[in-house]
There are 2 protein chains.
Amino acid sequence: MKSKDKVTIYDISKRLNISAATVSRALNHNPKISEKTRELVAKTAKEMNYKQNRLAQALKQGRTNNVGVIVPYINRSFFSSVIRGIEEELTPHGYHIIICQSHEEAENEAEQINALLSTQIDGIFMSVSKTTQKTDHIQKVLQEHTPLVFFDRKIDVPGVSSVVLDDFRAGYIATEHLIKEGCRKIAHLSGDINLEIYKNRYEGYIKALKDYHIDFIPNYVIEVNSKIESGMQAINELWKLNEKPDAIFSAGDYAALGAMQELRARKIKVPEEVCVVGFSNEPFTKYMELPITSMDQTPQEMGKIAAQVFLEQVKKNSTLSIEKKVVLPPELLIRESSSRKIHNLSDAS
Amino acid sequence: MKSKDKVTIYDISKRLNISAATVSRALNHNPKISEKTRELVAKTAKEMNYKQNRLAQALKQGRTNNVGVIVPYINRSFFSSVIRGIEEELTPHGYHIIICQSHEEAENEAEQINALLSTQIDGIFMSVSKTTQKTDHIQKVLQEHTPLVFFDRKIDVPGVSSVVLDDFRAGYIATEHLIKEGCRKIAHLSGDINLEIYKNRYEGYIKALKDYHIDFIPNYVIEVNSKIESGMQAINELWKLNEKPDAIFSAGDYAALGAMQELRARKIKVPEEVCVVGFSNEPFTKYMELPITSMDQTPQEMGKIAAQVFLEQVKKNSTLSIEKKVVLPPELLIRESSSRKIHNLSDAS
DNA sequence: ATTATTTTTGCAATCGATTGCTTAAATTAA
DNA sequence: TTAATTTAAGCAATCGATTGCAAAAATAAT
């Protein structure tokens, strides 16, 4: 892997008997260089299979044209779609995207941030992990004046922009939908309330119950993670109660799926006996034998907007960090798992 | 984003009235530095919030400790699991993983390679895109003596190591399983034959038919992509035939899912009338109402092994590129979609 | 033909960290 | 106390590309 044969601008300059400065300028289309030599340099560069050393360039210029994206997991449809959105928006501007996973560990998250900062990335996009409590590592990013944009899962830190879903509204809409389907005993499978998104979904749920004069029953709220098994477990808990729920609003699709599995195992009919609504519009929700109603978060759009916020920030080139907060509207995709009436199945995902 | 305040070893050296060289050595635990000054430097470095500039370091050392992974899509369970495997194996060795997507476009793939090479990564892991025909961009990697390891989808290029599944065997096993379930008219939803993996699966299928003296019917082979819709389309094609198949062996889970949807729409019972086997063991196959039999590729293991092959290669530090070919055994996970007999549902995924 | 002006190119410093070689300081031996 | 030896720290070059300023070459003006 030693490569003594890597071609540099000096190699080109020697070959052509001109200075490296001229080569550099020629390659960068500097107008001070005559067309003649520009073409000559371009030609020999290709001949010699020259490839720019972006390390050296970045070191000199102070920017790498790399941005980092930190997500809990890359294999969640939601996150990979956001990444796709960021890519599409930033690639045309010459940026490259470095994707990192925190695996929901605050520690990993901090390490990834350190790694990114030390490679001098030009910006960071991040959806914080569930276990993130302290903001030390985020302060570090700000200290370096590296633009930071939160998406979906954010922490409130002054000076940091964010693009999130209106999770409160989403929780409200989902619950309201279930109420309108005739459900009155609506359980909620919540995520960790420490994360704003889950807290907001939960509060939207509460508010909808209140608005429709339905009593809130604390026992109907079960905390789950994003594993299928936890959804199963949640049903087991709920069905120990005297008053069984007639609807499940899950803050995640995987838990919703688990819930449906367990309901089926118990021969409880969905949606006739229990309606189910999930969250995130994971692809499988649409393609189940019994498709699951779910909340779409327009993730790709979210990524694009996050990227735009970043671009704005770097364009201003100012040290003062702009703080921009974008909130996107959710869209409920109603499918069979919650459709008691023969319904207009608006399924446009 | 301008940050005139980034701390360098010079800042530390000035503060302590020692040379930058000493600071550098101290931070790197060079034994030539006394414990006293080492601690002093470490302390002030922390105080001043020093963060190493890995660009500069990499430029000097000639290695970045970054490796690139190029996959068609990150949101396929298979690929993200391979990436996870690579991460787990390489992170302890101080490497950072840069994840890139080709989106199945050879052009993107080439661009990603260029970008990675110009940032001087220490190695590349890659699963080639469907549209990759030419090997020019791969030759470039070899010219730079950058270690390259193919996983799953490879192209035959001398000097490149690879870790792949025994796809021929997998195709054989899947087909044999269907035969043993009593199927005789087995259709095959194949991927693009230009990719070795799909060609091998196809040939395994042919061989099994032959071994069991079943006539091969060309019309029973339909090319699909990895979209659900193409699986539906395939069933539409197959059901135009006079002799309808009694089994489907799909080279991909998404197509298998689409096929099952379409069969259901046509009121054709799975597995009673038609057995279905998919490929890749995507999580949804297990959690369907009617779980799909699928071929597991032990992706995380594949990633780990690929990483080990890479490590071996860099350890030898020799310019001569070792060529190592690892072939992993597939494992068929038999589920309801292909179990006519009451079966030992060996489901360990 | 000579000077003024415009183009084109080169010199050398710089980005931040590393490292071979040398020198200075500290320790031990004589 | 002085020389010999070990230990600690500094000098300066280097990695490859960029860029302000200066010099050289080419062109235009007088």
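All chains are named by letter (A, B, ...) in the order of the sequence lines, taking the proteins before the strands, and each is independently numbered beginning at 1.
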* Nucleotide nearest K60(A) when distance is taken to its side chain, options dT9(C), dT19(D), dT18(C) -> dT19(D)
* **Carboxylate-amine/guanidinium proximity below 4.0 Å for K154(A) and D152(A)** => no
* May I have the distance from Y10(A) (atom OH) to dC15(D) (atom C1'), rounded to whole angstrom? => 10 Å
* Among the candidates dC11(D), dC11(C), dC15(D), find the nucleotide nearest to the side-chain atoms of R25(A). => dC11(C)
* Asked: Any ion pair linking E105(A) and K130(A) (charged N to carboxylate O, less than 4.0 Å)?
  -> no
* Any ion pair linking E312(A) and K315(A) (charged N to carboxylate O, less than 4.0 Å)? -> no
* **Residue met sooner reading DNA chain C from 5', once A20(A) and I9(B) are mapped to nucleotides** => A20(A)
* **Gap between atoms NE2 and C1', on H29(A) and dA17(D) respectively (whole Å)** => 17 Å
* To do: For I18(A), answer base if it contacts any base atom (sugar-phosphate contacts may also be present), sugar-phosphate if it contacts only those atoms, and nothing otherwise; contact means non-hydrogen atoms under 4.0 Å.
  => sugar-phosphate
* Taking NZ from K14(B) and P from dG16(C), how many angstroms apart are they, rounded to a whole number? -> 10 Å
* So, R153(A) and E104(A), do they make that salt bridge, N to O below 4.0 Å? -> yes
* Asked: Which whole-number value in Å describes the distance from L55(A) CG to dT14(C) C1'?
  -> 17 Å
* Any Y50(B) side-chain N or O less than 4.0 Å from OP1/OP2 of dA17(C) -> yes
* When all nucleic acid strands are considered with a 4.0 Å heavy-atom cut-off, which category describes S24(A): base, sugar-phosphate, or nothing? -> base
* Asked: In terms of side-chain geometry, is the basic nitrogen of E88(B) or R84(B) positioned less than 4.0 Å from the acidic oxygen of its partner?
  -> yes
* To do: Please report, rounded to the nearest Å, how far the P atom of dA17(C) is from the CG atom of N53(A).
  => 17 Å
* Asked: What is the distance from NZ of K6(B) to C1' of dA17(C), rounded to the nearest Å?
  -> 15 Å
* To do: Quick one: label N30(A) by what it contacts on the DNA or RNA (base, sugar-phosphate, nothing), any heavy atom closer than 4.0 Å.
  => nothing
* Are Q52(A) and dT18(D) close enough that a side-chain N or O sits under 4.0 Å from OP1 or OP2? -> yes
* What is the nucleic acid contact for L59(A), judged by heavy atoms within less than 4.0 Å: base, sugar-phosphate only, or nothing? -> base
* Take the protein atom CG of D11(A) and the nucleotide atom P of dC15(D), then report the distance between them rounded to whole Å. => 11 Å
* Between dT9(C) and T37(A), is there an OP1 or OP2 to side-chain N/O distance shorter than 4.0 Å? -> yes
* To do: Please state whether the phosphate of dG10(C), meaning OP1 or OP2, lies under 4.0 angstrom from any side-chain nitrogen or oxygen of S19(A).
  => yes
* Asked: Quick one: are I9(A) and L27(A) in side-chain contact, heavy atoms under 4.5 Å?
  -> yes
* Side chain R54(A) and base dG16(D) donor-acceptor under 3.5 Å -> no
* To do: Using only side-chain N and O atoms of N28(B), determine if any of them is under 4.0 Å from OP1 or OP2 of dT18(C).
  => yes
* Distance, rounded to the nearest Å, where R38(B) contributes CZ and dA9(D) contributes P -> 12 Å
* In terms of the nearest nucleotide of DNA chain D, which residue is placed more toward the 5' end: A21(A) or A56(B)? -> A56(B)
